[in-house]
Undergrad: 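There's a structure below that I have some questions on.
Order of appearance sets the numbers: ligands from 1, and atoms from 1 within every ligand. Nothing fancy with the numbering, it's 1 onward along the sequence.
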Amino acid sequence: MNATLECLQGDIAHQPEFDAVVNAANAQLRPGGGVAGALHRAAGPALDRACRPLAPIRPGEAVITGAFGLPNRHVIHCLGPVYGVDEPADALLAACYRNALTLAERQGLASVAFPAISTGVFGYPPAEAARVALGAVIATLPDCPHIERVRFVLFDATGAELFRRTLATLQGAP
Ligand code: AR6
């Protein structure tokens with residue numbers, strides 16, 4: 001894998017050096033709270049209008065729009081599984097990351113920033129979500145030669161540390 005993969009604390013709505021940011025969306029692709037609220041607020045109402053014809057989406061699915069007021073070229077909207085409801089949760093969560101990267105690759109994008117999909121309102125336990133998310137990205141990047149840089153943006157320091165430790169484990173660090 002030649003792409004850079006990093007995990008930082010931050011706000012997904014403030015990632016100006018990334019071609020695409022990923023939204024932890026709801027099925028109707030409406031603004032909502034959390035990540036979706038932050039991205040729609042920063043993008044402005046044009047993002048909501050662009051989303052309407054693409055809704056609804058299913059768990060694991062990803063769709064792409066422009067980014068409007070955001071400092072990115074595109075927003076990729078993923079519907080994560082609701083933990084304990086949408087099954088199999090791990091396969092559906094992994095599909096979000098794989099489908100988002102595949103869409104970015106098809107658009108020729110070089111950089112994508114992800115939030116920790118499903119770990120907020122949708123209740124996915126963070127440690128399991130980190131393993132699934134990072135594992136899916138590591139498994140998909142070899143099929144995405146255009147993508148040079150992937151960042152996980154975690155809202156708090158604990159989340160960023162968890163993702164960094166999980167990445168080190170998956171990459172075989174001591
Ligand atoms: N930047 C980075 N991470 C964030 C931000 C932010 N600005 N805001 C929250 N997080 P969530 P979900 C973290 O609930 O679980 C929405 O209402 C947050 O701490 O946004 O997939 C939608 O409309 C958590 O760790 O997404 C859907 O209905 C993670 O991002 C539903 O919530 C994901 O939290 C989707 O739920």
Undergrad: Would you say the side-chain atoms of Ser118 pair up with the backbone N or O of Pro81, donor to acceptor, closer than 3.5 Å?
TA: yes
Undergrad: Answer yes when Arg151 and Glu17 have at least one side-chain N-carboxylate O distance shorter than 4.0 Å, and no when they do not.
TA: yes
Undergrad: Which residues pass the ring pair (Phe, Tyr, Trp, His ring centres under 6.0 Å) test with Phe163, sequence neighbours left out?
TA: Phe152
Undergrad: Could you name each residue pair satisfying ring-ring contact (aromatic ring centres under 6.0 Å, His included) that touches residues 27-85, not counting sequence neighbours?
TA: Tyr83-Tyr124
Undergrad: Which protein residues have a heavy atom closer than 4.0 Å to any atom of ligand 1, listed by chain and number?
TA: Gly10, Asp11, Ile12, Ala24, Ala25, Asn26, Gly32, Gly33, Gly34, Val35, Ala36, Ala38, Ala116, Ile117, Ser118, Thr119, Gly120, Val121, Phe122, Val153, Phe155
Undergrad: My understanding is that only residues two or more places apart in sequence, or in another chain, count here; which of them pass side chain to side chain donor-acceptor pair (under 3.5 Å) with Arg98?
TA: none
Undergrad: Less than 4.5 Å apart, any side-chain heavy atom of Val21 and any of Leu39?
TA: yes
